[in-house]
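Everything on this sheet refers to the single structure shown next.
Lettering of chains follows the sequences in order, A, B, ..., and the numbering in each one begins at 1. Here the structure is a predicted model, which is why all the values come from computation and not from measurement.
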Amino acid sequence: MTDELSSFPGGLILDGQKKRSTQTEIRKTPLSKKLTLPLQQHIGTPSAPIVKVGDKVLKGQKIARADGHLSVYLHAPSSGTVIAIDDQAIPHPSGLSGLCITIETDGKDTWIERQPIEDFTTLTEHEVRQLLREAGIVGLGGAGFPSFIKLNPGVHHAVETLIINGVECEPYITCDDMIMRERANGILDGIQIMKYALRVKRCVIVIEDNKPEAISIMKQALEERKECHHLKETQVVVIPTRYPTGSEKQLIQVVTGKQVPGNGIPIEIGIVCHNVGTTYAIGRAIKYGEPLISRIVTVTGTDVKHAGNFETLFGTPMHELLAFCDTHREQGEPFILGGPMMGYNLSGDHLPVTKTANCILVGVDNAAPDSTPLPCIRCGECATACPVSLLPQQLYWFSRAKDLEKTREYNLFDCIECGCCSYVCPSKIPLVHYFRFAKTETMNQEQEHQKADIARQRHENRLTRHELEKREKEERQRQRKAALAATKAAKEKEALSQTDNQEN
Amino acid sequence: MPLSRLSSPFLSGTNRVTLQMLQLLMALVPAVIAIVYFFGPSILITLTLAVVVALLAEAFMLKLRNRPLKPFLTDGSAIVTAVLLAIALPPLAPWWLTTIGILFAIIFAKHLYGGLGYNPFNPAMIAYVLLLISFPLEMTTWLPVSTLSEHPLGLASAFNIIFSGQLQGGIGLDTVSGATPLDAMKTQIGLLQTPSQILNQPLFGLFGGKGWEWINIWFAIGGIFLIFRRVIGWHIPVAMLAGLTAISFITWLIAPETTGSPIFHLLSGGTMIGAFFIATDPVTAATTIKGRLIFGAGVGLLTYIIRVWGGYPDGIAFAVILMNMLVPLIDYYTQPKVYGSVK
Amino acid sequence: MFTAIIAITLMALFFGLLLGFASIRFKVEGDPIVDQIDKLLPQTQCGQCSFPGCRPYAEAMAAGEADINRCPPGGESTIQALADLLEVEAKPLDDECGVEKPKTLAVIVEDRCIGCTLCIQACPVDAILGAAKQMHTVIADECTGCELCVPPCPVDCIDMVETKLNPNTWRWPDPAHVDLKLGGQS
């Protein structure tokens with residue numbers, strides 16, 4: 001069924017460091033006294049609060065609704081009282097804060113009434129998507145794109161293949177690995193529902209060959225349920241370990257040999273890609289009626305004593321999770337959220353775990369040096385490593401010179417920020433940082449231009465309106481004057497004729 | 001461990017500029033030993049002198065340009081420039097020739113363009129060309145290997161020659177020196193000798209110049225080590241040697257009586273050091289894969305053209321510099337296809 | 001000599017025709033210079049340049065009557081862009097016009113507003129809504145922060161508030177400041 005595997009240019013073979021956090025099974029993080037839930041935990045418009053301060057909420061109760069199309073619902077991860085709806089520090093590279101709902105938990109963890117659906121085929125595809133949207137499901141692989149949209153093939157596209165991404169190519173992270181090992185059946189539940197919603201026959205579960213346990217468990221689980229109608233034409237595909245195979249576009253290239261068109265999305269070439277964690281969450285949401293209120297977070301790194309994977313409620317402060325794992329970290333010392341190649345560093349202690357927080361990393365081996373980078377010697381290693389075939393050294397010159405137009409010409413916006421170029425750079429130039437800088441700078445400039453265009457338009461409209469008003473006023477004045485003059489003339493004429501008459 | 005970087009990736013490979021330069025220097029060692037074997041230990045004096053002058057000039061320019069000394073003196077780039085130029089100079093080049101060359105390479109060809117990474121031309125080759133044009137006599141005075149094997153030159157006498165220009169006993173250098181094999185081939189073909197006749201002269205070995213062929217082979221071995229260690233890519237050397245072989249093979253087929261064989265060209269003069277150590281200088285070479293192939297082939301073709309039809313005995317330096325000029329153009333037109341641009 | 005004269009004449013004619021043809025055939029249809037300049041200006045219409053709006057300033061620059069350094073809201077980057085476009089040397093902002101400030105928004109303190117409509121008349125981009133004797137309000141998305149509404153207000157109820165960064169408008173800092181002066185013409 002599966003064709004030959006393909007490949008992509010560049011990439012890296014990295015030291016996985018996965019064993020650190022796969023020695024113990026998934027544990028539950030203790031319930032925190034306070035849960036802080038940012039309203040923006042996904043790509044798109046933030047959710048809009050539907051609770052007030054002082055409201056009592058139950059576990060799984062909706063506390064914010066989807067606002068607009070590209071948005072999902074948000075739920076209370078545990079029972080308790082809403083104590084604040086205000087700006088709080090959120091996990092974002094900027095260190096800025098955003099609107100959050102804070103819940104003080106009552107420790108009872110009482111569920112709201114759930115509505116499990118034993119047979120999802122009683123629902124229409126649209127109803128499935130609607131339920132997933134109401135369950136707050138977003139991509140758990142890192143980006144946080146609302147899943148219900150990616151389960152809608154639309155009228156213009158037929159989906160050929162559903163790819164379940166269990167690649168997890170970044171070093172240190174193991175949450176997907178562990179969920180495949182321990183919850184294979186839950187993942188299969190999710191796959192059935194997704195195949196149903198997408199009306200797709202073929203499904204491949206892709207796993208890198210550095211996870212033999214996950215591969216055999218998934219294969220076995222699939223074998224046991226191969227008679228299920230919605231699991232036919234589903235298979236596990238093992239691919240060689242190479243970073244960044246887990247990136248959606250690269251994965252599609254490896255599995256199907258096709259490339260997603262620039263500025264396009266996978267569905268245009270008949271492919272939909274979902275992460276294994278998301279798949280599991282989808283299964284829970286439909287089969288058990290459980291909205292997305294927790295996720296598996298890997299806590300690992302060279303400075304973590306008891307590394308592992310933890311099922312953590314959203315809103316749990318990261319420092320509680322870190323304390324639970326016993327780290328060498330000083331209070332306030334920065335740590336990495338996400339993997340060592342694409343994550344970002346955070347330093348706040350009270351930042352909450354969110355839907356996209358897949359890994360908390362404290363300390364890495366072979367850390368990038370803090371010495372000043374040397375100049376670029378144009379060795380071209382970065383271009384060789386780039387999985388998208390960009391020319392990072394050229395992009396670097398232009399980004400540094402702030403020649404934003406040129407960076408676009410050299411396809412800066414195709415950069416997936418995987419970090420391969422910075423990793424191989426012999427001069428240790430933080431190339432990706434330059435690219436991020438140039439990207440946000442370009443977007444900002446574009447926004448400003450748009451705003452300026454609108455302002456110009458409004459100003460011009462105003463000027464023409466004033467001009468019109470002025471002319472109308474003048475016209476009126478002229479008419480009035482003319483009318484006045486006419487009546488005056490008429491009167492004079494009348495007066496004259498009267499005197500004439502008198503004289504005659 | 002405090003995180004030093006603002007932005008991911010937080011991991012870093014082991015690749016370092018200094019490490020690359022060190023491996024490059026290591027790869028030159030066998031060929032330098034071969035040079036010592038054939039031309040005497042005088043090269044060691046020139047090398048030492050060149051490196052010392054290069055480091056001093058580098059330090060001086062860094063101070064002048066207000067740049068930190070340590071990272072740039074230890075990156076090894078000045079030493080590489082010095083070593084490459086020293087190897088390219090005649091073994092008994094007078095001290096002032098070496099000094100002028102190095103100063104020009106470091107000060108003018110490197111730092112006036114902005115230092116490491118910013119120079120459009122290979123500094124060692126720019127200096128070589130300057131010396132060749134300014135001091136043609138000194139630059140083409142080579143002691144023939146055969147003379148040297150009969151009268152080996154000790155370190156002391158080499159020292160004497162380099163710093164005073166005199167052989168022991170007051171004999172001038174020019175009385176015993178001769179042309180290089182490439183030079184001889186050219187002038188004697190001009191005198192209507194066939195290449196096979198010329199190759200029988202004591203100046204020549206099996207395929208190329210006596211000694212030269214072995215030195216070239218050792219450069220090639222060092223270069224292959226660099227490719228294996230991924231310090232340089234295979235594209236430029238292979239393209240350059242292929243270009244040189246192709247054009248010399250064609251002309252040799254057409255006129256075997258008036259041109260040297262491809263093997264002669266591959267193993268003579270600076271072919272191998274040029275292919276593996278000079279044309280591959282990342283700063284001044286093309287950066288795209290296709291661009292590197294074009295760049296290498298261009299160097300190979302131009303080298304041959306200059307050797308055979310130009311006014312100078314060897315064409316490596318000119319060929320590299322001419323191709324350096326084309327690099328921005330080559331890079332512009334050989335950009336790889338970005339993901340998603342092909343269906 | 002005669003042939004030479006003829007030859008030169010013919011050549012001159014030929015090349016002249018060629019040039020003439022090329023200038024028609026390959027004519028670059030560009031925006032008139034005023035439009036190009038106007039595009040670079042921030043369109044705040046604040047008048048700090050002493051012209052009544054961005055377009056008049058652009059026209060004055062195109063006519064060579066005004067300097068390129070008279071736009072405080074645009075600041076250094078606009079001066080640089082103008083210098084590039086007009087191929088002149090960039091110069092520091094003329095402090096006669098004002099200083100470069102962070103972006104601001106006008107906000108009407110509602111309980112003080114008396115509904116006099118003076119600010120509505122002053123706003124160059126129609127970003128203030130309201131009617132006589134009714135409270136006014138600023139449409140935040142349309143406000144350019146020009147401050148022209150501040151002086152006419154008789155009760156001083158308009159505050160200029162700095163626009164706050166949020167995670168969506170935040171920009172990655174320029175890494176070049178970490179990247180010490182390591183060469184090149186930085």
Please work out whether the ring planes of C:W172 and A:H433 are parallel, tilted or perpendicular, with thresholds of 30° and 60°. perpendicular
Should the pair A:H92 and A:Y344 be assigned to parallel (<30°), tilted (30 to 60°) or perpendicular (>60°) ring geometry? tilted
State whether A:F314 and A:R295 meet the cation-pi test: NZ (Lys) or CZ (Arg) under 6.0 Å from the six-membered ring centroid, and within 45° of the perpendicular axis. no
With salt bridge (charged side-chain N to carboxylate O under 4.0 Å, His left out) as the test, would you mind laying out the steps for A:K402 and A:E441 before giving the verdict? CA-CA 9 Å; A:K402 303 195 177 71; A:E441 205 63 17; over 6 Å; no
Max heavy-atom pair count under 4.5 Å with chain C, selected residue of A:I90, A:T440, A:N461: A:T440
When the 4.5 angstrom heavy-atom criterion is applied to C:Q121 and chain A, the contacting part is backbone
Residue, of C:G53, C:C123, C:A127, that accumulates the most heavy atom pairs under 4.5 Å with chain A: C:C123
Are C:Q43 and C:Q45 close enough that a side-chain donor and a side-chain acceptor fall under 3.5 Å? yes
Pick one of side chain, backbone, both or neither for A:S97, based on which atoms fall under 4.5 Å of a heavy atom in chain C. backbone
Can a donor-acceptor pair be found between the side chains of C:D38 and C:Q36 at a distance below 3.5 Å? no
Winner by heavy-atom pair count (cut-off under 4.5 Å) against chain C, out of A:K451, A:Q447, A:Q457: A:K451
Measuring heavy-atom distances to chain A, does C:P167 have an atom under 4.5 Å in its side chain, in its backbone, in both, or in neither? both
Which one wins on heavy-atom pair count under 4.5 Å against chain A: C:V125, C:N166, C:T44, C:L41? C:V125
